[in-house]
K.L.:
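Have a look at this one.
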Protein chains: 2
Amino acid sequence: MTPSTSIKNHSNKNLNICVILVGLPCRGKTFISNKIKTYLTWMMINSKIFNIGDYRRKQLDSQLDEFTSIDADFYNFENQEGLKIRLNSYENALKDMEKWFLNNEGVAILDGTSSTRSHRKWLLERLRLLHIEPLFIESFSDDKDLERLNINALIKSSPDKKDFDFYEMKIKNYLKFYESMNEFDDEKDYTFVKLMKKANGLEQAVINKVQSYLESKIIFYVMNLNYLNPSKVIWLSRHGESVYNVEKKIGGDSRLSERGLLYAKKLPQLLKEQGFDENNQMSAWTSTLVRTNETAQYLPFEKILPWRALNELDAGLCDGMTYEEIEEKYPEDFKERDDDKFEYRYKGGESYKDVVLRVEPVMMELERQSNVLIITHQAVLRCIYAYFMNIPQDQSPWVAIPLHTLIKLEVRPYGACKVTLIKANIPAVSTYKEKGTSNVGEDASIKNNSSRNLLADTM
Amino acid sequence: MTPSTSIKNHSNKNLNICVILVGLPCRGKTFISNKIKTYLTWMMINSKIFNIGDYRRKQLDSQLDEFTSIDADFYNFENQEGLKIRLNSYENALKDMEKWFLNNEGVAILDGTSSTRSHRKWLLERLRLLHIEPLFIESFSDDKDLERLNINALIKSSPDKKDFDFYEMKIKNYLKFYESMNEFDDEKDYTFVKLMKKANGLEQAVINKVQSYLESKIIFYVMNLNYLNPSKVIWLSRHGESVYNVEKKIGGDSRLSERGLLYAKKLPQLLKEQGFDENNQMSAWTSTLVRTNETAQYLPFEKILPWRALNELDAGLCDGMTYEEIEEKYPEDFKERDDDKFEYRYKGGESYKDVVLRVEPVMMELERQSNVLIITHQAVLRCIYAYFMNIPQDQSPWVAIPLHTLIKLEVRPYGACKVTLIKANIPAVSTYKEKGTSNVGEDASIKNNSSRNLLADTM
């Protein structure tokens, strides 16, 4: 009897949704697509992105004789050849999507421009035949500053390898035919959200005819994204070594060891060396437990925010025990936890899944914020880390997050986060328990065998 | 170490919010106010409604010499005397609100029309001085059908005791000066949601400059309300008596007893006698456990939706034990649970608070739906019942919900729900445990002593 609270289980209805991005080029559609995928994966809902640009490139590669290179005129709606290829890309994406839904339920994300009413009507009718609910998400902006920012970000990351003028001309070609949502009667019954953005962030959202709970969760999420600073730095650290860590006990609410205190004292310097700017209005969050508060005590912040939701995974009856003791006292549980560490709930305590659900609002707030330093605990950090690094939830509980190590996560609107591990060079015990044993190592900052150190692998 | 996940603990910032309703008379503002209060109470966030109409009536009562009766012209903005009295009502409400915030943090709800820009500006400036964040919620409609429906509902419930013409004239007087939100540049930085409603429900919502997580939760909630059918019937029932019930064991996943099966067979008839209409598109929800599915097996529904979130409170290590056994084996826990039954988390299991948080999405879906029959379990029903009956969460775990009894909750847009208990007259054990004992009674449908039967009290 372990009631689940993932979104997936809330309702059997309307789980098959196709999120259709709508918008001119350089409006952050791919950013939104990737974010939705990240969020759904984290919430244990199946999803897949179908990127129209990728289908277009694939098709062009196979027709290399006809098209040696693409210029912006390709995107002129009066260019029949270009139009045909782009429609074909949608057709191929829809075919793959149909195949995907045969073996999956969840959310497909169609990342393209879908910029005209007739095109959206065509999509809607196709999806309805497949019993898939369409949810349109328009990313709208008429702000030239935002456009310039987005073009520059795209030049760095897009596989198209084009320059500023190319994108400007491409946008101009789309603009001639672009039809924004919420302006035409024939779309008034569509389920859509129109995000109206300026260079200083999301101004307004218009939400139309939401049908299901899952749709409203996705909309709630995209409304909480920080469009002003999609590039940001998240600083993560575990508390310094605690007395319990030294005694190899889990849980509890002990103080820092002497070495842990050294780490707390060194932390401001580590941050400074990494370019942390005090005037950058960074906020610092801790859990409500003693060891994270002690770790944060020397930081140059006016206010440090303690969240109960950042407290360590509750080990219930095993709180205060060593892994050896747990293995001895509850051998079956010990094995069960190794077999499915994400789902396993400690007697009287929590599972990783429980932690993900209680940390969700923190992630929502983290998305809203720019630069945040979070001092929390091993299991909670694993969950946060998995979110930003797109690590599947069955693997997230095995990520090694060593003590006395500052983690700098550079979040970028496109592509993977950049991770830097900054070691304080202050010895600490390892609290990493390898699968199938009750052993914890000596010093995780030294021993980095690849089977366990996912974190190091991702660098 | 019991991490909490209530909204209140998610962030320390911006908890002091004033929700300001905006809208013409008869637009459902009081309905929205009451709903927000219900939701926040249920989510353990302090809130209070300040109803401008009540302040106006109070003031008029004290000036009975001058005003023997109020006609619609009182609401003419050119009527200086009327305007003065109405402004005074806001002034008095703000003073009371200020006092309330001295001893409380949370959400104040200002239920009035706030129908002009100048008035909203005045409110905003007053609230900012008190460090309270204003969140405007406009309930907008130009649909005459909806207006007529709302006037008729108001005639039945308002203390003003006026007729249809009075309200029509009152609306006309407001319309001359009414300024809707999202139409003026000077309000473009306000945090607001504009709900655009028709007689067939919420068409569109415009959401502007949301600042905090709590604001976005409130907005998410009001967007999920069913404006089409605010009057609806919710049918609640526990599963029929189970084998475990007879053996006085808690939890488990046992089948129905013979008497429980009799109840399942009688349930369709009970529903029919109470005017349940098969063609009314009612949906039926159960938990995923055997005893609720068996109880639902004779119901005339094409599809019955099982929710894991409706499963019984997980008693963890105590699952399958009797209360006597729990008292014997875990005497301290047993006492602790009696002292704070809402917060107490079973070893390896859940607390009522945990149940509330996992049932929240079900409530959200329940708000979206019209008429629903829910067959679930004692603890979950207590949580659902507490929501609709505004029972404080510290009392909700003590509500008696007897077996073999169909509960008909008539939810109305204004005023309390009407509760009818329909007894199947099929004997069953009582599973109600009185505080301080491990006794469960013989048959709760017969023994209704007042100290424990909150449910009977509310009829």
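Since we're looking at a predicted model, the values are computed, not measured. Protein chains get the first letters and strands the later ones, always in sequence-line order, with residue 1 at the start of each.
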K.L.:
Report yes if the side chains of Phe220(B) and Met223(A) come closer than 4.5 Å at any heavy-atom pair, otherwise no.
P.N.:
no

K.L.:
Give me each pair satisfying salt bridge (Lys or Arg N to Asp or Glu O under 4.0 Å) with a member in residues 200-211 of chain A, each pair once, sequence neighbours excluded.
P.N.:
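Sorted pair list: Asp189(A)-Lys209(A), Glu203(A)-Lys209(B), Lys209(A)-Glu203(B).
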
K.L.:
Could you check if a side-chain atom of Leu317(B) sits within less than 4.5 angstrom of a side-chain atom of Leu317(A), using non-hydrogen atoms only?
P.N.:
yes

K.L.:
Quick one: are Arg345(B) and Asp314(A) in side-chain contact, heavy atoms under 4.5 Å?
P.N.:
yes

K.L.:
State the CD-CZ distance between Gln211(B) and Arg368(A), to the nearest 0.5 angstrom.
P.N.:
7.5 Å

K.L.:
Any idea which heavy atoms bring Phe192(B) and Gln204(A) closest together, and the distance?
P.N.:
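Looks like CZ-NE2, 4.0 Å.
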
K.L.:
Step through the shown structure and confirm whether more than 12 heavy atoms of other residues, nucleotides or ligands are within 6.0 Å of CD on Glu183(A).
P.N.:
yes

K.L.:
Calculate, to the nearest 0.5 Å, the distance between atoms CG and CD1 belonging to Leu202(A) and Ile207(B) respectively.
P.N.:
9.5 Å

